[in-house]
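For reference, the structure discussed in these notes is given below.
Being a predicted model, the structure only gives us computed values, none of them experimental.
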Amino acid sequence: MQQLADYFATIPSTHRSAILVGGITLFWLIEGALPLFRFKYNKWQHAGINIFFTITTIIINFAMAFILVKSSDWAIANEFGLLQWLPEMPLWAYGLVGMMLLDLVGAYFVHWTEHKVKWMWRFHLIHHTDTHVDTTTANRHHPGESVFRFVFTTAAVVLTGAPMWLVFLYQALSVALSQFNHANINLPNSVDKVLSWLIVTPNMHHVHHHYVQPYTDTNYGNIFSIWDRVFGTFAREEGSKLVYGIDTHMESHENGQVSNLLKIPFQKYRSPVGAKFSEERSEVN
């Protein structure tokens with residue numbers, strides 16, 4: 001475990017990029033051989049749209065990375081954060097607890113918030129407009145969403161008091177698991193029932209991408225599935241019954257063009273089936 005910590009403490013940017021590219025390539029090949037859905041679409045054109053948003057996310061995270069480093073350094077120097085206040089424990093336990101806390105705040109909580117706060121949902125629904133969910137969908141985030149996801153990740157680092165080696169390890173696992181649980185594959189039920197008690201599986205996360213509520217507002221987790229079970233947001237549905245997308249933007253000219261996807265947060269709001277954020281509800285606007 002110490003060797004792993006030492007590696008991620010000084011992990012080169014090229015290695016972090018290799019994790020991203022390697023994950024996409026691996027799951028791209030697997031879903032090509034054993035797809036859940038045999039989509040009738042141009043896979044390369046579809047990937048091009050999502051890769052555009054992958055690049056914008058990388059640029060934003062790279063530009064603000066120094067904030068993450070300074071936040072971690074400050075927390076460690078001032079002995080601030082949950083990890084700093086816990087009793088001494090083996091490094092493997094320290095790492096596991098830290099990753100779970102980072103996943104809770106930096107992934108589950110921000111994702112849940114995006115579905116509950118209207119202005120955040122306007123940006124996040126670009127992720128949900130994908131009607132052909134596959135491994136590239138994992139990185140389909142509007143630049144505006146990338147910014148406030150970074151803010152939540154920074155808050156998670158400060159609140160946990162996580163050292164940078166743990167932050168880099170968490171980010172690597174987060175990227176890999178996100179690509180895995182968005183991949184167009186279906187695990188055997190026997191395998192999924194075991195794995196989904198530990199991590200978020202494709203069978204589990206695909207339910208979140210069903211085009212209507214209440215499924216849209218379930219299964220928010222990214223790495224650890226425990227948070228959806230603890231907070232009562234876990235749901236199951238047969239993969240063959242799922243329809244991907246979001247009911248307000250099912251037309252290809254709206255969900256398949258980068259120019260329109262960038263504009264969606266600023267267009268007139270459309271309430272989905274179930275009247276999410278309707279005038280009758282007292283949601284935060």
Side-chain angles (χ1 to χ4, degrees), residues 24 27-28 31 35-58 60 107 110-149 178-179 181-184 200 202 204-222 235 237 239 241-278 283 285:
I24 291 177
F27 296 120
W28 175 289
E31 66 186 14
L36 168 60
F37 291 108
R38 295 191 178 278
F39 294 129
K40 295 180 180 179
Y41 72 133
N42 186 319
K43 191 173 176 70
W44 285 99
Q45 182 179 358
H46 172 261
I49 295 171
N50 293 342
I51 289 173
F52 169 84
F53 288 108
T54 301
I55 293 172
T56 61
T57 299
I58 291 172
I60 290 169
V110 65
H111 196 178
W112 177 87
T113 305
E114 287 172 340
H115 282 251
K116 302 303 177 183
V117 178
K118 186 176 181 179
W119 70 266
M120 295 178 76
W121 168 250
R122 285 175 175 269
F123 287 91
H124 179 56
L125 69 83
I126 280 70
H127 181 67
H128 281 270
T129 58
D130 199 336
T131 55
H132 301 96
V133 174
D134 63 20
T135 190
T136 67
T137 307
N139 306 299
R140 182 186 176 113
H141 297 290
H142 191 282
E145 180 182 4
S146 296
V147 171
F148 55 73
R149 276 184 172 263
S178 184
Q179 292 168 348
N181 59 47
H182 282 87
N184 180 31
V200 178
M204 177 180 170
H205 190 69
H206 288 169
V207 176
H208 180 78
H209 280 273
H210 189 50
Y211 79 118
V212 291
Q213 293 179 287
Y215 294 107
T216 308
D217 296 338
T218 63
N219 297 359
Y220 297 111
N222 185 40
E237 183 55 87
K241 297 180 180 179
L242 300 177
V243 177
Y244 295 139
I246 190 71
D247 60 346
T248 56
H249 294 79
M250 296 297 287
E251 298 296 328
S252 59
H253 69 275
E254 293 187 313
N255 59 47
Q257 296 181 5
V258 169
S259 58
N260 188 68
L261 291 170
L262 289 170
K263 297 174 185 176
I264 284 177
F266 314 104
Q267 295 172 350
K268 183 178 180 181
Y269 182 72
R270 308 174 190 175
S271 295
V273 173
K276 191 180 186 110
F277 304 119
S278 68
E283 300 284 1
N285 294 314

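In terms of modelled atom types and a separation under 3.5 Å, the side chain of His132 and the main chain of His46 share no donor-acceptor contact. Between the side chain of Asp247 and the main chain of Val212, no donor-acceptor pair closer than 3.5 Å is present. With hydrogens and angles ignored, the 3.5 Å screen pairs a side-chain donor or acceptor of Asn219 with a backbone N or O of Ala235. Under a 3.5 Å cut-off, the side chain of His124 and the backbone N or O of His142 do not form any donor-acceptor pair. Using modelled atom types, no side-chain atom of Thr131 and backbone atom of Gly245 make a donor-acceptor pair closer than 3.5 Å. Looking at Glu31, its side chain does come within 3.5 Å of a backbone N or O of Thr135 through a donor-acceptor pair. Side-chain atoms of Thr216 never come within 3.5 Å of backbone atoms of His209 as a donor-acceptor pair (strictly under, hydrogens ignored).
Between Gln267 and Asn260, the shortest heavy-atom contact is NE2-OD1, 3.0 Å. When all heavy atoms of His210 and Leu242 are compared, the closest pair comes out as ND1-CA, 3.6 Å. What you find for Pro202 and Ala183 is that their closest heavy atoms are CB-O, 4.0 Å. Taking every heavy atom of both residues into account, Glu145 and Phe123 meet most closely at OE1-O, 3.9 Å. Here the closest non-hydrogen pair linking Thr57 and Ser146 is OG1-OG, 3.0 Å. The two residues His205 and Asn181 make their nearest non-hydrogen contact at CB-O, 3.6 Å.
Residues meeting the side chain to side chain contact (heavy atoms under 4.5 Å, CB included) test with Ile55, sequence neighbours left out: Ile51, Ile59. Val147 meets the side chain to side chain contact (heavy atoms under 4.5 Å, CB included) test with Ile60; sequence neighbours excluded. Taking the side chain to side chain contact (heavy atoms under 4.5 Å, CB included) definition, one finds that Ala107 meets it with Asp103, Tyr170, Asn222, sequence neighbours left out.
In this structure the side chain of Pro143 reaches within 4.5 angstrom of the side chain of Leu262, judged on heavy atoms.
Within a 6.0 Å sphere centred on OH of Tyr244, other residues, nucleotides and ligands contribute more than 12 heavy atoms. Counted within 6.0 Å of OH on Tyr220, heavy atoms from surrounding residues, nucleotides or ligands total more than 12; the atom is thus considered enclosed.
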Quiz item: Do His182 and His127 pass the side-chain hydrogen bond (donor to acceptor under 3.5 Å, both in side chains) test, and can you show the C-alpha distance, the side-chain angles, and the key distance before you say yes or no?
Solution: CA-CA 11 Å; His182 282 87; His127 181 67; 3.2 Å; yes
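Between atom CG of residue Asp130 and atom OG1 of residue Thr136 there is a gap of 6.5 Å, rounded to the nearest 0.5 Å. Distance CD1/Ile126 to CD1/Ile264: 4.5 Å, rounded to 0.5 Å. Atom CD of Gln45 and atom CG of Asn50 lie 11.5 Å apart (nearest 0.5 Å). Taking CZ of Phe148 as the start and CD of Glu114 as the end, the distance is 4.5 Å to the nearest 0.5 Å. Atoms CE and CD, on Met204 and Glu237 in that order, are 14.5 Å from each other to the nearest 0.5 Å.
In this pair, Trp121 and His128 present their aromatic rings tilted. The plane angle is within the 30 to 60° band.
Applying the side-chain contact (heavy atoms from CB on, under 4.5 Å) test between His115 and each of Gln213, His208, Met120 identifies His208 as the sole match. Just one of Arg140, His249, Glu254 meets the side chain to side chain donor-acceptor pair (under 3.5 Å) condition when paired with Thr129; it is Arg140.
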